[in-house]
Amino acid sequence: MSNSEVDQSRRTWVALAAGAGAVGGVATMVPFVATFQPSESARAAGAPVEVEIGGLKPGEKLTVEWRGKPVWIVRRTSEQLASLKKIDDQLADPHSQRTQYPIPDYAKNEYRSIKPEILVVVGICSHLGCSPIDRFQTGAQPSLPDNWPGGFLCPCHGSTFDMAGRVFKNKPAPDNLEVPPHRYLSDAKLLIGEDGKA
């Protein structure tokens, strides 16, 4: 066997070994790099949620889950909308100026919403994380004042919120209900968790 045949044989084996090493290196790196990707459950937990709201009638509420939190979508009646203008003096933060929960620009209005009739808020009390209950009916009721305008009551410690999710004065909750990022995909479809401004 000549030296050139030996050199050619070595080159072939070296090339094969290098190729196998490269394939092995890539095979080892793929799972390693994949660990930097969020898991399916993590993606699902933060993923935007599409919600069909076309069938929601005035005065009705729909609850969906986003990031493990309940998000309330309420189609307010004309009476509920009218009540919002009359109670600013009873609210702790009527214009949502506190910054515990930054409010999106499109909800910096008296309705705290993109469309006046549709309220979208996270249904978690800003006091200790309880979930308030609906008290849409107006007037005197247990645990509520005689002039109750309708809204939400947190039964744990008595915090009350109006039909825009704004907290009333002298209640344990320090802030209004959070308005999550959201946008309309159509008149009948909402996307919770994304507002297109990112």
Side-chain angles (χ1 to χ4, degrees), residues 45-46 48-104 107-182 188 190-193:
V49 177
E50 265 187 45
V51 186
E52 179 65 45
I53 61 168
L56 199 59
K57 294 181 176 72
E60 289 185 341
K61 180 182 93 174
L62 175 66
T63 302
V64 296
E65 185 177 337
W66 171 68
R67 291 189 173 178
K69 303 175 189 175
V71 174
W72 297 337
I73 303 157
V74 180
R75 184 175 295 272
R76 295 177 282 205
T77 65
S78 55
E79 294 81 15
Q80 290 168 336
L81 290 172
S83 76
L84 298 178
K85 300 175 184 181
K86 302 173 185 172
I87 58 172
D88 279 8
D89 62 332
Q90 299 174 44
L91 303 169
D93 183 20
H95 305 294
S96 297
Q97 295 175 333
R98 295 181 183 165
T99 57
Q100 180 177 345
Y101 302 116
I103 186 167
K108 289 182 178 176
N109 53 58
E110 65 185 325
Y111 307 109
R112 298 182 78 228
S113 62
I114 298 171
K115 295 182 178 185
E117 70 275 14
I118 304 292
L119 172 68
V120 181
V121 291
V122 175
I124 297 177
C125 180
S126 57
H127 179 221
L128 293 176
C130 305
S131 189
I133 54 178
D134 306 347
R135 286 294 181 256
F136 295 169
Q137 181 182 337
T138 60
Q141 299 166 58
S143 303
L144 293 169
D146 291 346
N147 63 344
W148 177 243
F152 307 94
L153 166 68
C154 187
C156 302
H157 301 97
S159 293
T160 49
F161 302 86
D162 76 346
M163 289 302 299
R166 301 176 297 180
V167 68
F168 282 84
K169 287 179 181 176
N170 304 315
K171 299 296 178 177
D175 217 331
N176 297 334
L177 298 179
E178 178 185 1
V179 175
H182 64 281
L190 261 176
L191 187 66
I192 310 292

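Atoms considered below: every heavy atom in the structure, side chains included; atoms not considered: hydrogens, waters and symmetry mates.
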Distance from [X] atom [atom1] to [Y] atom [atom2], nearest 0.5 Å?
X    : Y    : atom1 : atom2 : value
L190 : I53  : CG    : CD1   : 4.0 Å
T77  : M163 : OG1   : CE    : 7.0 Å
S113 : I73  : OG    : CD1   : 12.5 Å
L91  : D93  : CG    : CG    : 8.5 Å

Is the shortest heavy-atom distance from the side chain of [X] to the side chain of [Y] under 4.5 Å?
X    : Y    : value
I114 : H182 : yes
P180 : V120 : yes
Q90  : N147 : yes
N176 : R112 : yes
S126 : L177 : no

Please give me the minimum heavy-atom distance between P104 and V179, naming the atom from each residue. CD-O, 3.6 Å

Can you give me the closest heavy-atom contact between Y111 and L81, atom names plus distance? CD2-CD2, 3.6 Å

Does D146, at its CG atom, have more than 12 non-hydrogen atoms belonging to other residues, nucleotides or ligands within less than 6.0 Å? no

Given the rule in the side-chain contact (heavy atoms from CB on, under 4.5 Å) test, do S143 and L153 qualify, once you have shown the distances and angles that lead to the verdict? CA-CA 8 Å; S143 303; L153 166 68; 4.0 Å; yes

Take V74 and F152, measure what side-chain contact (heavy atoms from CB on, under 4.5 Å) needs, and give me the verdict at the end. CA-CA 12 Å; V74 180; F152 307 94; 4.2 Å; yes

Under 3.5 Å: donor-acceptor pair, side chain of S131, backbone of G123: yes

Sequence neighbours left out, what pairs pass salt bridge (charged side-chain N to carboxylate O under 4.0 Å, His left out) with at least one residue falling in residues 157-167? D88-R166, D162-R166

Below 3.5 Å, can you tabulate the donor-acceptor pairs from side chains in residues 133-140 to any protein atom, sequence neighbours excluded?
| residue | atom | partner | partner atom | Å |
| --- | --- | --- | --- | --- |
| D134 | OD1 | K61 | NZ | 2.6 |
| D134 | OD2 | K61 | NZ | 3.4 |

Assess the residue pair F161 and C125 against the criterion (side-chain contact (heavy atoms from CB on, under 4.5 Å)); give the C-alpha distance rounded to whole Å, side-chain angles, the decisive distance to 0.1 Å, and a yes or no. CA-CA 9 Å; F161 302 86; C125 180; 3.9 Å; yes

Using side-chain contact (heavy atoms from CB on, under 4.5 Å), reason through R75 and I118 one step at a time and then give a plain yes or no. CA-CA 5 Å; R75 184 175 295 272; I118 304 292; 3.7 Å; yes

Could you pull out all residues at least two apart from R76 that satisfy salt bridge (Lys or Arg N to Asp or Glu O under 4.0 Å)? none

